[in-house]
Amino acid sequence: MSKRKIVLAFSGGLDTSYALVSLREQGWEVLTANIDTGGLHSGEADVVRKRAEELGAAEHFVIDAREELYSRVITYAIKANYLRNGGYPSCVGAERLVQAEKVVQAAIDNGAEAVAHGSTGAGADHVRYDSVIRALAPQMEIITPIRDERLTREYERDYLLERGFHTPEKVTTYSINEGLIGTSIGGKETYGSWDYLPEDAWTYTKSIADAPADGVELILAFEKGEVVSATTPDGTPIEGTGPGAPNYAILRALNVLAAEHGVGRGIHMGSTMVGNLARVGFEAPGMLTLIAAHRELERLVLSNRQQATKATLGTTYGDLLHEAVYYDPILGDFRAFLDSSQQRVTGAVRVKLIKGNVIPLGSRSPHSLLDAATRQGVVYGYGSSLWTGEQARAFAHMYAIPGAIAQNAGLQNDKP
């Protein structure tokens with residue numbers, strides 16, 4: 001009798017390593033799928049493959065989803081200037097949509113009866129994976145050993161050691177997930193609200209103290225809200241970008257360059273989709289750089305009402321994506337709005353990366369509202385040929401009337 005077949009979303013970390021061994025011992029034929037959304041560096045795919053084979057996977061797949069992730073998810077996060085609670089670029093969380101879809105497709109293509117993932121029940125990833133599986137393959141059984149057994153990382157480590165499988169100490173101490181958007185880091189310091197992650201917990205960003213004192217200046221060019229080039233002031237493309245590079249190349253290159261200047265570290269605390277408060281460290285140098293530049297360009301070319309409406313709808317869109325509302329048609333409506341809002345977001349932004357900061361130095365665009373105003377004789381702080389001093393005085397008089405009325409009403413109400 002043949003074994004039942006299952007596809008496990010496999011990263012090679014502690015949780016998925018335990019899940020692979022546990023499922024195999026339960027009698028499953030386990031196929032592993034490693035979905036590359038930017039977390040695999042040179043040679044790491046082979047390391048993960050060897051780990052899967054060592055732990056007994058019947059077959060292992062490496063699926064490159066970087067270009068799809070960038071075009072379907074990341075470009076809209078940049079157009080929306082999305083930062084969860086104003087500061088967190090949803091590292092890894094927003095990537096689960098594409099990862100889960102690829103795992104489901106691998107299960108369907110290989111005739112599996114079930115899908116497994118290594119998410120715990122304490123975070124949001126288990127909801128993200130389950131949401132995709134239920135939507136795309138409702139017939140599939142979902143197996144989640146870590147969630148169902150409520151295991152500690154120490155237990156998983158010991159379980160593997162008893163069977164002769166070594167686990168690096170840092171993998172046991174910290175839960176690290178890396179992707180194109182950034183890296184999330186969870187560990188004992190993030191379980192409370194007071195402690196900060198130690199220096200050795202960060203994976204690739206330099207500390208502010210160790211970052212170069214002079215920083216580096218870049219010019220980021222956008223067309224309709226999408227970054228199309230990243231160069232030094234003399235026009236040289238930054239390393240890893242240029243003709244023939246994939247669509248995600250600039251973000252990937254900025255993750256490296258900005259990290260060298262201490263950009264991108266933070267700890268985010270906020271409510272999860274299940275209602276509890278959570279805290280997680282993150283490194284997202286590329287996304288924070290691109291969003292800062294993109295927002296600066298929007299200030300030059302979009303009206304105040306456009307910017308205000310975008311801020312609201314962009315945040316709602318990002319929150320829904322972060323919270324695994326993947327297939328509600330409203331997300332398509334939001335994307336249509338975001339695309340429309342970017343028709344004039346074309347131009348270039350000068351930024352300086354220095355000691356953990358992204359500083360916009362200047363911006364220019366053929367659609368500049370500032371240039372349009374100047375051409376009509378409006379210069380802030382100096383005057384305008386579009387109105388007279390008498391008209392300005394009248395405007396100021398009329399503008400002050402609502403406040404004067406409210407103040408007078410308040411004084412009257414204070415009287416006995």
Side-chain angles (χ1 to χ4, degrees), residues 35-39 64-84 88-102 179-182 218 220-230 237-238 240-255 258 264 284-298 301-302 306-307 309-311 313-322 324-349 351 358 363 365 367:
I35 315 302
D36 184 8
T37 52
D64 189 346
R66 290 173 295 179
E67 292 201 17
E68 183 176 346
L69 169 69
Y70 188 85
S71 60
R72 288 181 56 198
V73 178
I74 295 176
T75 55
Y76 285 99
I78 296 170
K79 289 176 182 179
N81 299 320
Y82 178 65
L83 297 172
R84 178 89 166 167
Y88 177 52
S90 189
C91 298
V92 183
E95 300 179 1
R96 298 305 189 212
L97 164 63
V98 177
Q99 290 175 340
E101 287 181 343
K102 297 300 183 185
L180 275 173
I181 297 174
L218 301 175
L220 301 174
F222 294 83
E223 290 183 6
K224 294 187 176 181
E226 296 193 22
V227 64
V228 293
S229 70
I238 65 173
T241 68
N247 59 1
Y248 55 84
I250 294 173
L251 175 56
R252 180 178 61 185
L254 286 174
N255 276 334
M287 280 297 285
L288 292 183
T289 299
L290 287 175
I291 288 174
H294 178 261
R295 184 187 288 115
E296 186 70 11
L297 183 58
E298 286 192 329
V301 301
L302 298 185
Q306 281 181 300
Q307 292 179 63
T309 302
K310 263 198 79 258
L313 295 185
T315 296
T316 302
Y317 169 80
D319 283 345
L320 290 174
L321 195 67
H322 181 85
V325 185
Y326 295 136
Y327 300 113
D328 192 302
I330 190 64
L331 264 68
D333 298 333
F334 282 129
R335 285 190 289 268
F337 166 78
L338 290 170
D339 284 337
S340 177
S341 76
Q342 301 299 291
Q343 294 307 300
R344 295 195 303 171
V345 186
T346 293
V349 182
V351 299
V358 182
S363 59
S365 170
H367 307 297

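Because the structure is predicted, anything quoted here is derived from the model rather than measured. The basis for the numbers below is simple: all heavy atoms, side chains too, and nothing from hydrogens, waters or symmetry mates.
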Do S340 side-chain atoms and F337 backbone N/O form a donor-acceptor pair below 3.5 Å?
-> no

Please check if the side chain of H322 supplies one atom and the backbone of S90 the other of a donor-acceptor pair under 3.5 Å.
-> no

Apply the side-chain hydrogen bond (donor to acceptor under 3.5 Å, both in side chains) test between Y82 and each candidate in T315, D319, T316; give the one that qualifies.
-> D319

Pairwise distance OG1(T37) to CD(Q99) - rounded to 0.5 angstrom = 4.0 Å

Before accepting this row, confirm whether a basic side-chain N of the pair K224/D339 lies closer than 4.0 Å to the acidic partner's carboxylate O.
-> no

Minimal heavy-atom distance between Q342 and E298, with the atoms involved, is NE2-OE2, 2.8 Å

Quick one: does R295's side chain get under 4.5 Å of L83's, heavy atoms only?
-> yes

In this structure, OG of S341 is separated from NZ of K310 (nearest 0.5 Å) by 5.0 Å

State the CG-CG distance between L69 and L97, to the nearest 0.5 angstrom.
-> 8.5 Å

Kindly indicate whether the side chain of H294, heavy atoms from C-beta on, has any atom under 4.5 Å from the side chain of V227.
-> no

Sorted by first residue and then second, give each salt bridge (charged side-chain N to carboxylate O under 4.0 Å, His left out) pair with at least one member in residues 243-253; sequence neighbours left out.
-> none

Check: Y326 and L331 side chains under 4.5 Å, non-hydrogen atoms = no

For the student: nearest non-hydrogen atoms of L254 and G286, plus distance = CB-CA, 3.8 Å

Note, Y248 side chain near I74 side chain (heavy atom, < 4.5 Å) | no

Does the E95 side chain pair with the main chain of L180, one donor and one acceptor, at a distance under 3.5 Å?
-> yes

Look at the side chain of S71 and the backbone N and O of E68, then say whether any donor-acceptor pair between them is shorter than 3.5 Å.
-> yes

Side chain of Y88, backbone of C91: donor and acceptor closer than 3.5 Å?
-> yes

For the residue pair I78 and G225, what are the closest heavy atoms and their distance?
-> CG2-O, 4.4 Å

Interatomic distance, CG@D328 vs CG@L321, rounded to 0.5 Å, equals 12.0 Å

Supply the atom-to-atom distance R335 CZ to R72 CZ, rounded to the nearest 0.5 angstrom.
-> 7.5 Å

Any donor and acceptor pair, going by atom type alone, linking the side chain of E226 with main-chain N or O of T75 inside 3.5 Å?
-> no

Would the number of heavy atoms belonging to other residues, nucleotides or ligands and lying under 6.0 Å from CD of E223 be above 12?
-> no

Which pair of heavy atoms, one from T241 and one from A249, lies closest together, and at what distance?
-> CG2-O, 3.9 Å

Can you measure from CD1 (I238) to CD1 (I250) and round to the nearest 0.5 angstrom?
-> 7.0 Å

Atom of A293, atom of V351 and distance for their closest heavy-atom approach = CB-CG1, 4.0 Å

Locate the shortest heavy-atom distance separating L290 from F222; write the atom from each residue and the value.
-> O-CZ, 4.0 Å

